[in-house]
Amino acid sequence: VNAILTTPNSETNLPDSTPHPFRRVVLTGTECSGKTTLGKLLAEQLCWPMVEEAARTHPDVLEGKVTLDTFDELHELQTEACAELARSGHPGVVCDTGDLVLGIWSDVAIGQPWHPLMPPWPPVDLYILCPPLTDWEMDPLRTMPQLEDRQRLHEVYVQSLTHRHHIVIEGETPEDRLSFLMKAWPW
């Protein structure tokens, strides 16, 4: 899906009506790594919509009864939300999680690998890896209060992104992280 963006043409100062591809950007990383906060700031900066983490409201997750079927449902919910935005003409979307998190989560939570039956559509153009924050905030869905545990899991994310287009975030505050990201922004 291509969306038409009107941007100034630097040579003529006339609008550029060249079709620009829809972009899907996914924040990823361990729990308590600032994904949601950075995602909201990035979506605001880009004037793009944000797809929130579907697990936050899924009954299986809230009841602590996650199965492989749960991961399939979460994948479908998040993929459909992104597809709808692509069909409606938005230039891009910021996702507060994605299939990489689901796959790693299934290994950790239920000891079984999960892979989507169908790849996400629209495809992911960029992963943004958020390193774990030093301070842990209590949350009903979080299970790793020890920084060392989150850092070990972070290395799994680093390895999983080896052959995918990604940026590893730097900075302690949300504003520092957004500034770092915008300096590294590929488009």
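Index from 1, following the sequence.
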Give, for atom [atom1] of [X] and atom [atom2] of [Y], the distance between the pair rounded to the nearest 0.5 Å.
| X | Y | atom1 | atom2 | answer |
| --- | --- | --- | --- | --- |
| Leu102 | His115 | CG | NE2 | 12.0 Å |
| Gln78 | Glu53 | CD | CD | 7.0 Å |
| Thr30 | Arg152 | OG1 | CZ | 12.0 Å |
| Arg177 | Glu172 | CZ | CD | 6.5 Å |
| Arg150 | Trp136 | CZ | CH2 | 8.0 Å |
| Asp72 | Glu76 | CG | CD | 7.0 Å |

Looking only at side chains, do Asp176 and Ser179 share a donor and an acceptor under 3.5 Å apart? no
When hydrophobic residues are tied together by side-chain contacts of less than 4.5 Å, even through go-betweens, does [X] share a cluster with [Y]?
| X | Y | result |
| --- | --- | --- |
| Trp105 | Leu68 | yes |
| Leu126 | Trp48 | yes |
| Val124 | Val158 | yes |
| Leu46 | Phe180 | yes |
| Leu161 | Val25 | no |

Taking every non-hydrogen atom, the tightest pair across [X] and [Y]:
| X | Y | value |
| --- | --- | --- |
| Gly39 | Val94 | O-CG1, 3.7 Å |
| Asp96 | Thr36 | OD2-OG1, 2.6 Å |
| Arg56 | Asp139 | NH1-OD2, 2.8 Å |
| Ala86 | Pro122 | CB-CG, 3.9 Å |
| Val93 | Leu85 | CG2-CD1, 3.5 Å |
| Val51 | Cys82 | CG2-SG, 3.9 Å |

Side-chain heavy atoms of [X] within contact of [Y], under 4.5 Å:
| X | Y | value |
| --- | --- | --- |
| Thr28 | Ile128 | no |
| Glu31 | Leu141 | no |
| Tyr127 | Ile167 | no |
| Leu181 | Leu42 | yes |
| Leu38 | Cys130 | yes |
| Cys32 | Arg142 | yes |
| Val168 | Glu170 | no |
| His75 | Leu117 | no |

Counting heavy atoms not belonging to Glu148, are there more than 12 under 6.0 Å from its CD? yes
Please check if atom CD in Glu44 has more than 12 non-hydrogen atoms from other residues, nucleotides or ligands closer than 6.0 Å. no
Would you confirm whether [X], through its side chain, and [Y], through its main-chain N or O, come within 3.5 Å as a donor-acceptor pair?
| X | Y | result |
| --- | --- | --- |
| Asp125 | Arg24 | yes |
| His58 | Asp60 | yes |
| Ser106 | Trp114 | yes |
| Lys35 | Thr97 | no |

Using side chain to side chain contact (heavy atoms under 4.5 Å, CB included) as the criterion, list what pairs up with Ser160, not counting sequence neighbours. Leu100, Ile104, Val156
Report the C-alpha separation of Lys40 and Glu52 in whole Å, then their side-chain angles, then the decisive distance to 0.1 Å, and conclude whether the side-chain contact (heavy atoms from CB on, under 4.5 Å) test is met. CA-CA 9 Å; Lys40 288 177 181 176; Glu52 307 248 342; 4.2 Å; yes
